[in-house]
Protein chains: 2
Amino acid sequence: MAIRQTKQKRVILGVLEKAGRPMSPQEILSSAQQDVPLLSLATVYRVIRGLEADGTIVPVSIPGESARYETHLKAAHHHHHFHCERCSRVFDVPGCGLRVDAHLPGGYRITRHEVMLYGSCIECAATS
Amino acid sequence: MAIRQTKQKRVILGVLEKAGRPMSPQEILSSAQQDVPLLSLATVYRVIRGLEADGTIVPVSIPGESARYETHLKAAHHHHHFHCERCSRVFDVPGCGLRVDAHLPGGYRITRHEVMLYGSCIECAATS
DNA sequence: TCGCTAATAGTAATGTATTAGCAGTAGGAG
DNA sequence: CTCCTACTGCTAATACATTACTATTAGCGA
């Protein structure tokens, strides 16, 4: 039989669509548990794997932490990310301030790049 | 008594100074074992911790992999990194092509940024 | 050179993120 | 409505990087 629609899947995707930022499996779990209290982390991972496989969501990897995920729609527009060092949440930064490099020694073949900004997000900066 | 000079420490630091790029603990181990064949990974980590603590070396973190380390001298000049997706080695990219962002919504406080370029290094690109 | 003890090698243990296994639950085709 | 089986929740297992532990080795001050 084919893949089934379940409440868990609907809620998890809904969480990602409503969130204005990439979320970690744990964040997704916490948020989705408001609708499905018994939701388990294993299910979050399973659903994420499926959504990533069919291209509905895209991973945003971060050094030292688990990946965040955002919807394919968001990812369609080239952009980068801001990582708050206090609350560890990740936010989207529209556009790309990278001047494609004259600096790299020749011979290297660049296929993509990531820019990560670090600092304090609005909320955390306010609570300084 | 104070900290002691050992062959292991000398060799490990030497490896990092001679290498033109940030290295992972495993890479450091392999390279250093040419001089100290019995060197153990535990010692590499211990020495790294010490060198990082006193500021002699600086970590370069990478999503999904263990951190690389480079000497404080290299790190002194603002630069970024290139990560070869075939051999997974990391190389330095002199300078910074980032135009400091007009795009970020106000209120965020940026303290630093990382730019990671991905693709194939010279050697791997040649072996395509 | 001697002796104290920091440092090492080797290995077991730890921490953490992700996955597998399994019995029970619930989509959805017929 | 029924039945088949994909999906779920739970927990144990895995993978991995990093650290702790311990007997042994080797800096280095006297």
Side-chain angles (χ1 to χ4, degrees), chain A residues 1-16 22-54 56-70 83 85 87-90, chain B residues 1-16 22-54 56-70 83 85 87-90:
Chain A
M1 191 182 290
I3 290 174
R4 289 177 187 168
Q5 263 317 311
T6 66
K7 181 164 190 183
Q8 288 83 347
K9 290 181 187 173
R10 259 176 278 124
V11 169
I12 289 174
L13 183 53
V15 163
L16 284 173
M23 297 179 84
S24 69
Q26 277 294 346
E27 287 176 314
I28 294 170
L29 177 66
S30 304
S31 180
Q33 279 181 334
Q34 297 181 343
D35 293 306
V36 185
L38 291 185
L39 184 64
S40 85
L41 187 55
T43 297
V44 173
Y45 275 106
R46 268 187 300 245
V47 173
I48 283 176
R49 218 187 313 165
L51 292 174
E52 184 179 354
D54 69 26
T56 306
I57 63 175
V58 171
V60 177
S61 42
I62 300 172
E65 302 196 29
S66 44
R68 311 302 157 100
Y69 295 87
E70 64 186 347
H83 186 190
E85 292 181 311
C87 66
S88 86
R89 288 184 298 178
V90 175
Chain B
M1 193 182 289
I3 290 175
R4 290 177 188 169
Q5 261 321 309
T6 66
K7 182 164 190 184
Q8 288 83 348
K9 289 181 186 173
R10 258 176 279 126
V11 168
I12 289 174
L13 184 54
V15 163
L16 285 172
M23 297 180 85
S24 69
Q26 278 292 348
E27 288 176 314
I28 295 171
L29 177 67
S30 304
S31 180
Q33 279 180 333
Q34 297 182 344
D35 293 307
V36 186
L38 291 185
L39 184 64
S40 86
L41 186 56
T43 297
V44 173
Y45 275 106
R46 263 187 305 247
V47 172
I48 284 176
R49 218 187 313 164
L51 292 174
E52 184 180 353
D54 67 27
T56 305
I57 63 176
V58 172
V60 177
S61 41
I62 300 173
E65 302 195 30
S66 44
R68 312 302 157 100
Y69 294 87
E70 64 186 346
H83 186 190
E85 292 181 312
C87 65
S88 86
R89 288 184 300 178
V90 175

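Lettering of chains follows the sequences in order, A, B, ..., and the numbering in each one begins at 1.
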No-H, no-angle donor-acceptor pair, B:Arg4 side chain to D:dG29 base, under 3.5 Å
no
B:Lys9 NZ to C:dA6 P: how many Å, rounded?
11 Å
Just to be sure I understand the rule, does B:Lys7 reach a base, reach only the sugar-phosphate, or reach nothing, if contact means heavy atoms closer than 4.0 Å?
nothing
Give the rounded distance in Å between these two atoms: CD of B:Gln33 and C1' of C:dG10.
13 Å
To the nearest Å, how far apart are A:Ile48 CD1 and C:dT19 P?
9 Å
Any side-chain heavy-atom pair of A:Leu39 and A:Val11 under 4.5 Å:
no
Counting distance alone, no hydrogens or angles: does the base of D:dA6 have a donor or acceptor under 3.5 Å from a partner atom on the side chain of A:Arg46?
no
Could you tell me how far apart A:Asp35 (CG) and D:dG9 (P) are, to the nearest whole angstrom?
13 Å
For A:Arg4, does its backbone N or O pair with a side-chain atom of A:Lys9 as donor and acceptor, under 3.5 Å?
yes
What's the CD-C1' distance between A:Glu65 and C:dT18, to the nearest Å?
16 Å
Between B:Gln5 and B:Ala42, which residue's closest nucleotide on DNA chain C lies nearer the 5′ terminus?
B:Gln5
Is the phosphate of D:dG9 approached by A:Thr43 (side-chain N or O, under 4.0 Å from OP1 or OP2)?
yes
Would you check if A:Pro59 and A:Tyr69 make a side-chain contact, meaning some heavy-atom pair closer than 4.5 Å?
yes
In Å, rounded to the nearest 0.5 Å, how long is the span from CZ of B:Arg89 to NE2 of B:His83?
10.5 Å
Non-hydrogen side-chain atoms of A:Glu65 and A:Ser24 separated by less than 4.5 Å:
no
OP1 or OP2 of D:dG9 less than 4.0 angstrom from a side-chain nitrogen or oxygen of A:Gln8, does that happen here?
yes
Please report the distance, rounded to the nearest Å, between CG in B:Leu38 and P in D:dA23.
20 Å
Find which nucleotide of DNA chain D each of A:Leu39 and B:Ser66 is nearest to by heavy atoms, and output the residue with the more 5' nucleotide.
A:Leu39
Does B:Thr6 put a side-chain nitrogen or oxygen below 4.0 Å from OP1 or OP2 of C:dT8?
yes
Check the distance between C:dA12's P and B:Leu41's CG and give it to me in whole angstrom.
15 Å
In whole Å, I'd like the distance from the OH atom of B:Tyr45 to the P atom of C:dG15.
17 Å
Once you apply a heavy-atom cut-off of 4.0 Å, does A:Arg49 come out as touching a base, just sugar-phosphate, or nothing?
sugar-phosphate
